[in-house]
Amino acid sequence: MGVRLAEFTAKFKEAFFEDLTTLRLRKAQHYPAATEPRYINRMIEMIRSLEASDIAYKAEDGSVYFRISRFPDYGKLAHLNLEELRPSGRINNDEYEKEAVGDFALWKAWTEEDGDVYWDSPWGRGRPGWHIECSAMATALLGPQLDIHCGGVDNMFPHHEAEIAQSECVTGKQFVRHWLHCAHLMVDGQKMSKSLGNFYTLRDLLARGYSGREIRFSLITVHYRLPLNFTLSGLDSARAALMRIDAWVSRLRSLSGGTPHETAIEATTSADRFLSALDEDLNISGAMGHLFDWLRESNRAMDLGTLSPGQATHTLEEFQRINHILAFEEEKIRIPSEVQSLVEERQRARANKNWALSDELRDAIAAKGWLLKDTKLGPELTMAAGR
RNA sequence: GGCGGGGUCGCCAAGUGGUAAGGCCGAGCUCUGCAAAAGCUCUAUCGCGGGUUCGAUUCCCGCCCCCGCCUCCA
């Protein structure tokens, strides 16, 4: 209350962009805001165009609605037959001044509770409807026709239907060539919702000691059209799988050298197999299967000593082709100096074969939340995941 | 009720008309000051009942169960 809209939304935007970085998501070229004047103007323009062709009408409450009877394809995307819709009880007919229940708002007349959030329009003060915002911004930036439009399945109806209706009535062109609808995110077997309180924020998970790439891995493992049940044990298995990839990469690195040389075992080009799996409607699980097959095969070759330095270099280069997509490389973790000095002290104890002190120091390090393991390349630290 | 998406090893998850990828966990072995880690190896007959077929987890029919949407919060 009393907080300006822009001020209120700023912190959420900031958190959103932080999250993108944490999850290693490539940034989009544009992040349009529906409140920008150029888009508000475009929305108004579109609504005027619809009004001119008698598809939009202004109702008594001052709001402008889309007359869905003028767009026969409305409901086609979601396979809904509008005549057979079951009244869900959620609509209170008397509350609206619409001609038909299904008509959706293009422009909403200002009401008391909108406060200072309003724009002037040919229909008076008000604000745009949700659907027109997307049509206006999308067509402004991408033109009248989109190759791919993504969104959650839950938005298929009515939102995507409305977008199609508005856009096509204005531009006269097919709005979207391909729709990619992704399934819901579930948490611990239930739909994630505020009322159930069964949600984790990215910050919660980071605070529990999980890293961005572990969360990324966990989220990536399921096909986009299938619901993903997010669990902490899923994160644990992501962590284990990533450590295995890390170990493989560092093993290849220490072996690599010289001129890249193709290996006999992956003459079938593992990276190609990975990528062509993704070409099949983003079959990430199939692609990951290829990655791990490849990992095992080259590990076996290294065990047998049949992988040459040049082949190791080549394998790393091939891996980069898919890591470009996966972005699974290890992150630099910041080790507190107090922990670091304990590690150094322990190394001295080990050099003196003082195993008792060494073990004691490892416990001390563990008490500070770090897991230490001795590898051929020296001690390695991992942040312990909490519960 | 309508529409859509699912039910595959303890958990996660691919896939195909000819007898089931992969990951995690577990077990065994190797390595190792110990502990780990890491590497290798091993582990399913695909919700239920019919049908089609030489052969079905994969096709058809019926049923059961789970999830989502069914209109103005964006």
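This one's a predicted model, so the numbers in the text were calculated from it and none came from an experiment.
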Is there a side-chain contact between M43(A) and E133(A), using heavy atoms and a 4.5 Å cut-off?
-> yes
Taking the same atom, [atom1], in [N] and in [M], what whole-Å distance lies between them?
N	M	atom1	answer
C48(B)	C11(B)	P	15 Å
C54(B)	C42(B)	P	36 Å
G5(B)	C59(B)	P	13 Å
U71(B)	G2(B)	C1'	15 Å
G1(B)	U57(B)	P	30 Å
U16(B)	A35(B)	C1'	45 Å
C29(B)	A21(B)	P	26 Å
C12(B)	G26(B)	C1'	15 Å

Sub-3.5 Å donor-acceptor pair from the side chain of [X] to the main-chain atoms of [Y], do we have one?
X	Y	result
Q145(A)	Q174(A)	yes
E161(A)	L77(A)	yes
T201(A)	D204(A)	yes
R67(A)	D103(A)	no

In terms of the nearest nucleotide of RNA chain B, which residue is placed more toward the 5' end: A238(A) or V222(A)?
->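 That would be V222(A).
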Nearest-nucleotide check on RNA chain B, G286(A) vs H159(A); residue mapping nearer the 5' end is G286(A)
Out of [options], which has the shortest distance to the side chain of [X]?
X	options	answer
M243(A)	A38(B), C25(B), G33(B)	A38(B)
R296(A)	A13(B), G15(B), C40(B)	C40(B)
R300(A)	C40(B), A14(B), C34(B)	C40(B)
M186(A)	G5(B), C67(B), C24(B)	C67(B)
H79(A)	A21(B), G4(B), G6(B)	G4(B)
R127(A)	G33(B), G5(B), A74(B)	A74(B)

Taking only side-chain nitrogens and oxygens of [X], does any of them come within less than 4.0 Å of OP1 or OP2 of [N]?
X	N	value
R244(A)	G23(B)	yes
K108(A)	A74(B)	yes
R362(A)	A36(B)	no
R273(A)	A21(B)	no

Under 4.0 Å between any heavy atoms, over every strand shown, what does [X] touch: base, sugar-phosphate, or nothing? Just pick one.
X	answer
H223(A)	sugar-phosphate
A105(A)	base
G102(A)	base

Kindly write out the residues that satisfy ring-ring contact (aromatic ring centres under 6.0 Å, His included) with H149(A), not counting sequence neighbours, or none if the list is empty.
->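 Counting only residues at least two positions away or on another chain, H149(A) forms a ring-ring contact (aromatic ring centres under 6.0 Å, His included) with H160(A), W179(A).
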For [N], give the paired nucleotide (Watson-Crick: N1-N3 plus N6-O4 or O6-N4; G-U: N1-O2 and O6-N3; both under 3.5 Å), or none.
N	answer
C42(B)	G26(B)
C69(B)	G2(B)
U57(B)	none
G33(B)	none

Can you pull the salt bridge (charged side-chain N to carboxylate O under 4.0 Å, His left out) pairs that have at least one residue in residues 139-160 of chain A, sequence neighbours excluded?
-> D147(A)-R177(A)
Any residue of residues 145-155 of chain A with a heavy atom less than 4.0 Å from an atom of RNA chain B |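 The answer is D154(A), N155(A).
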Test: R125(A) cationic atom under 6.0 Å from Y118(A) six-membered ring centre, within 45° of axis |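 Yes - R125(A) lies over the ring of Y118(A), closer than 6.0 Å to its centre and within 45° of its axis.
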Aromatic ring of F292(A) stacked on base six-ring of G22(B), 5.5 Å, 30° = no
Passing option when D246(A) is tested against R239(A), R253(A), R213(A) for salt bridge (charged side-chain N to carboxylate O under 4.0 Å, His left out) = R213(A)
